[in-house]
Amino acid sequence: MRSGRTTTALLAVMGLTAGLLLTSPQSASAANLIKNPGFETAGTGDMPYCWQKSGWGDNDFTFTTTTDARSGGKAMRVELTRRVEGDRKALITESADCAPVVTVGRQYDLSLWYKTTTPDANVTLFRHDTTKGWQYWTDLKTLEMAGTWTQASVRTPEIPAGTDRISWGVSVYGTGSATTDDYTMEQVADPVPPPVCTGTADECANGKWDVLPTKNPVRSMHSVVLHNGKVLLIAGSGNDPEKFAAGTFTSAVYDPQNGTYKQIPTPKDMFCAGHVQLDDGRVLVMSGNKGYPSADGTIGYQGYKDSYVFDPVTETYSKTNDMNDGHWYPSATILGNGDVISFGGLKEDSTGSVAAELWSDAEQKWLELWKVKQTWSYWGLYPSMILMQDGRLFYSGSHVFGNNIPGTGSAIYDYDANTITQVPGLQKKDERDQSASVLLPPAQDQKVLTIGGGNIDSNPDANRLTDVIDLKQPNPSYVAGPPLPQGQVDLGAGKVPQTGGQGKMYPAVVLLPDGKVLETGGALHNRANPVYESSLYDPATNTFDPVAPDPEERGYHSSAFLLPDGRVMTTGDNPGNGSWNHDVSVYTPPYLLKGDRPKITSLIDTEWSYGDTQRITVDRPIAKAELIRPAAVTHSSDPNQRFVDLPLSVDGDNVDLNVTSNPNLAPPGWYMLFAVDANGVPSVAKWVHLQGPQALSATDASPHVHDFAGDLKGKVTGPGKKRTSQKVSPTVSGCDRHYGSANVCVPTDFPPGVKATTKSRCDWLKTNDYGRLKVNGKDDPLRLDRNRDGVACGKGDVSRRQPRRA
């Protein structure tokens, strides 16, 4: 699953330290910013002035200043004669004298001439962070093989905050050589003037929401954006035990082009299943609800082993082979080779599954348990498992229901080594129930943001915590991010401003094509008290900017996702009283109110391979382009959501896009391709299919990755003792099943401020529209049926005089 990584690998920053002090940056000019661009000036050692040797891994190599030059008398040749892993590269010396000064927020055009005897050569970029020192940044362009001098040009992403200098060069990561000469680096011209607002001043600053006239016909809690632009909405029984008993299971396909819904025959109760898009665009749906909790609360939810594939072309489900366990609330993460790995959830007997499940892309089936490496760990329900650039998985700490798993609350899981390493820093790890986590734009930066959360067992006020982790660090740790902005909350008597540390659980996070993240929706307590607040998070500045809130309640079982036209759609809400919000909202971000949008006027090919250069034409200049993986979201969880930067080579309206050679950064599948202008205005997306079997199967040219998170200091555990399952309480969902139906959630612990008296609890239930609640069995743990007539919170239960209990 992972290649090209070693924990002892060194990026060989020769003679420099991470804390290197540089002189104050000077303004960049339009002239070439490279010193000694043609290697003509000799240095003090065996390398030319302002150039250094770099690289890592197990390989044999040579660096040669050759007379085989394009101009002048010298060029640089880097050659690998044997390679097991790693690369070698000639880089601009990382010093104040040699490394070009850059300006935050600007872009730079890089160019060089080259000849290669290997297809495995890249333009590689490093940056100097004023706090953390020199760091690998990204691979910008794969060089096509060339026997004669060939020019390669590429545009950098915007320079991140805190960066004052960069270094770059050509890395060779397969056997063969690359000879280079005549480097140039120029700052891109000033951006275009600000656009004219096409809405009201408030809309242009904060965006706007529209509630669509047609309601969602199904109680969908799973949303998948298909590669034809439609949206699969899965309900199953929709958390309705009557529909479950009747065998009435539903899905719908929504078409944003005409606003219509088509209901789809659904073979099984896919309520609270897992789902992920396979590399061919079909949707793998795993497990679901085999049975609701028993009326007396002694039996909890049960998962089944069944698995299905939804085909967007025929709009039908077909059955696959069974999983090894049932998995109600499983994780689902696609890997760089197209396989899918899944953890957690509840088995058929309501215990927690400790089996790792692996869907084989090659065999198109779930593998037998003995073929899958096991640690026999229980990861909980919907654990957020994010694929890292070297094939390991990062468990962010976001999960569903109650406390986090034992340990620090986040970890790195290494399938190859079959180990789990604890990662520190997550704040209040046991109050991150139904928080949200996302791999921030661009995926090449390997930073993860986790926001909000609560705990359905203790039911405190949900928090406004955020945490950010940089997985490129040798021993990464979460650091506290800025607090979530506060909005208004409905505590039962209308909306009031949030106070103190009040935040939200059930938030949605959506990656936007301008590189920001929309967070929206949520509630203050377990299936109660909706929060009306939305904001845009900017990864470049680590700040939140409040924007217009969704006018609809969006708590438990809600979804939010990016549409190909750049808008965001939100659906659902399922309060504890069992009701459902069928209204659908659509958010128009501020970038769609800045005038005309750029257009991708032609796309040479929709079938892309790793390491490709793909040409598009646009109707006017653009600043960046990216691939965004379409949503497959449920319960604030979409671990496969990612934004992959595509460095540009610009020639007028022709733009060459340089596709990553690493499938772990962009797992195979269909992606939305956006072109974005200098004002952050995106085009309508074009759909492209990224696969590239050659990049996945080559034995001597594994994906070009750099070592990171390679000096982990956390507690490491390997496989434990083989076991069948983890015992899980029937009250895992935070609902006391002694009252009402399985669709109703009377909280096991009421929110703060509700006294532990019959009257106070019954007043809260009445305020939240619970209605008549039948008592299941003879037990009454919350003392809601004090006159023991079988109905909770009746008149006789809350009167001053109560019958004495035996």
Side-chain angles (χ1 to χ4, degrees), residues 219 221 235-249 268-274 286-307 322-330 343-355 378-383 399-403 405 433-434 455-459 526-527 556-557 574 576-578 634-635 723-749 770 773-782 784-785 790-792:
R219 292 167 60 112
M221 54 202 66
S237 64
N239 199 16
D240 186 337
E242 293 183 1
K243 290 185 177 180
F244 179 83
T248 304
F249 309 130
K268 207 80 180 243
D269 189 7
M270 296 174 181
F271 158 54
C272 294
M286 60 204 72
S287 192
N289 180 40
K290 183 180 180 182
Y292 281 87
S294 61
D296 61 2
T298 59
I299 300 174
Y301 283 100
Q302 307 120 57
Y304 56 72
K305 297 181 179 181
D306 299 48
S307 168
D322 286 350
M323 305 177 81
N324 295 288
D325 268 356
H327 295 271
W328 186 74
Y329 279 64
F343 302 92
L346 300 184
K347 297 176 59 173
E348 301 93 324
D349 61 0
S350 300
T351 61
S353 174
V354 296
Y378 179 56
W379 290 94
L381 305 180
Y382 283 138
H399 64 285
V400 172
F401 295 160
N403 292 340
I405 60 175
D433 171 4
Q434 286 165 113
N455 188 310
I456 52 90
D457 288 339
S458 55
N459 212 5
N526 179 14
R527 298 181 66 178
Y556 189 56
H557 285 156
N574 187 195
N577 61 23
T634 187
H635 291 76
R723 56 187 179 137
T724 57
S725 65
Q726 170 84 26
K727 187 176 181 180
V728 176
S729 169
T731 61
V732 62
S733 61
C735 307
D736 195 317
R737 299 301 177 189
H738 292 92
Y739 311 96
S741 71
N743 187 31
V744 172
C745 180
V746 174
T748 54
D749 200 327
Y770 274 74
L773 293 172
K774 178 183 176 182
V775 179
N776 301 312
K778 297 181 179 180
D779 292 332
D780 179 21
L782 297 177
L784 302 181
D785 183 23
V791 177

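Along the sequence shown, residues carry numbers from 1.
- Taking CD of Gln302 as the reference point, atom OG of Ser287 lies at 11.0 Å (rounded to 0.5 Å).
- Partners of Val791 according to the side chain to side chain contact (heavy atoms under 4.5 Å, CB included) rule, which considers only residues two or more places apart in sequence or in another chain, are Arg772, Asp789.
- Residues Cys735 and Arg527 approach most closely at SG-NH1, 4.3 Å, considering heavy atoms.
- A side-chain donor-acceptor contact under 3.5 Å links Tyr770 to the backbone of Cys745.
- Partners of Tyr292 under the ring-ring contact (aromatic ring centres under 6.0 Å, His included) rule, at least two apart in sequence or in another chain, are Phe244, Phe271, Tyr301.
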Is there a side-chain contact (heavy atoms from CB on, under 4.5 Å) between Leu346 and Val732? Walk through the geometry before answering. CA-CA 10 Å; Leu346 300 184; Val732 62; 4.2 Å; yes
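- In this view, Asp433 satisfies the salt bridge (charged side-chain N to carboxylate O under 4.0 Å, His left out) rule with no residue, not counting sequence neighbours.
- Every residue meeting the side chain to side chain contact (heavy atoms under 4.5 Å, CB included) condition with Ser729, not counting sequence neighbours, appears here in chain and number order: Thr731.
- Judged as a side chain to side chain donor-acceptor pair (under 3.5 Å), and not counting sequence neighbours, the contacts of Asp736 are His738.
- Lys305 meets the salt bridge (charged side-chain N to carboxylate O under 4.0 Å, His left out) test with Glu348; sequence neighbours excluded.
- Under the salt bridge (charged side-chain N to carboxylate O under 4.0 Å, His left out) criterion, Asp349 pairs with no residue at all, not counting sequence neighbours.
- Within the 4.5 Å cutoff, side-chain heavy atoms of His557 are placed close to those of His635.
- Formation of a donor-acceptor pair under 3.5 Å by the Lys268 side chain with backbone atoms of Tyr304 is not found in this model.
- Taking CH2 of Trp328 as the start and OG of Ser350 as the end, the distance is 9.0 Å to the nearest 0.5 Å.
- Between Thr351 and Val728, the shortest heavy-atom distance links the atoms C-CG2, 4.2 Å.
- One distance of note links OH of Tyr382 with CD of Gln434; it measures 10.0 Å at 0.5 Å rounding.
- No side-chain heavy atom of Asn289 sits less than 4.5 Å from a side-chain heavy atom of Cys272.
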I would like to know whether Asp457 and Asp749 meet side-chain contact (heavy atoms from CB on, under 4.5 Å); could you show each step before the answer? CA-CA 6 Å; Asp457 288 339; Asp749 200 327; over 6 Å; no
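- Every residue was checked against the side chain to side chain donor-acceptor pair (under 3.5 Å) condition with Asn459, not counting sequence neighbours, and none meets it.
- The backbone N or O of Gly734 sits less than 3.5 Å from a side-chain atom of Asn526, completing a donor-acceptor pair.
- Partners of Lys243 according to the side chain to side chain donor-acceptor pair (under 3.5 Å) rule, which considers only residues two or more places apart in sequence or in another chain, do not exist here.
- Pairing each heavy atom of Ser725 with each of Lys347, the nearest pair is CB-CD, 3.7 Å.
- Residues satisfying the side chain to side chain contact (heavy atoms under 4.5 Å, CB included) criterion with Ser307, sequence neighbours excluded, are Leu284, Thr320, Met323, Trp366.
- Closest approach of Asn239 to Ala742, counting heavy atoms only: OD1-O, 4.1 Å.
- Taking both residues in full, the closest heavy atoms of Gly740 and Leu773 are given as CA-CD2, 4.1 Å, listed atom of the first, atom of the second, then distance.
- For the pair Asn455 and Ser458, the tightest heavy-atom approach, listed with the atom from each and the gap, is OD1-N, 3.3 Å.
- With sequence neighbours left out, the side chain to side chain contact (heavy atoms under 4.5 Å, CB included) criterion links Val775 to Tyr739, Asp785, Ala792.
- Judged as a side chain to side chain donor-acceptor pair (under 3.5 Å), and not counting sequence neighbours, the contacts of Ser733 are Arg737.
- Atom OH of Tyr556 is separated from atom CD1 of Ile456 by 8.5 Å, given to the nearest 0.5 angstrom.
- To the nearest 0.5 Å, atoms CZ (Arg219) and CG (Asn743) are separated by 5.0 Å.
- To the nearest 0.5 Å, atoms NE2 (His399) and CD1 (Ile405) are separated by 9.0 Å.
- Remark: the backbone N or O of His327 is not paired with any side-chain donor or acceptor of Ser353 at under 3.5 angstrom.
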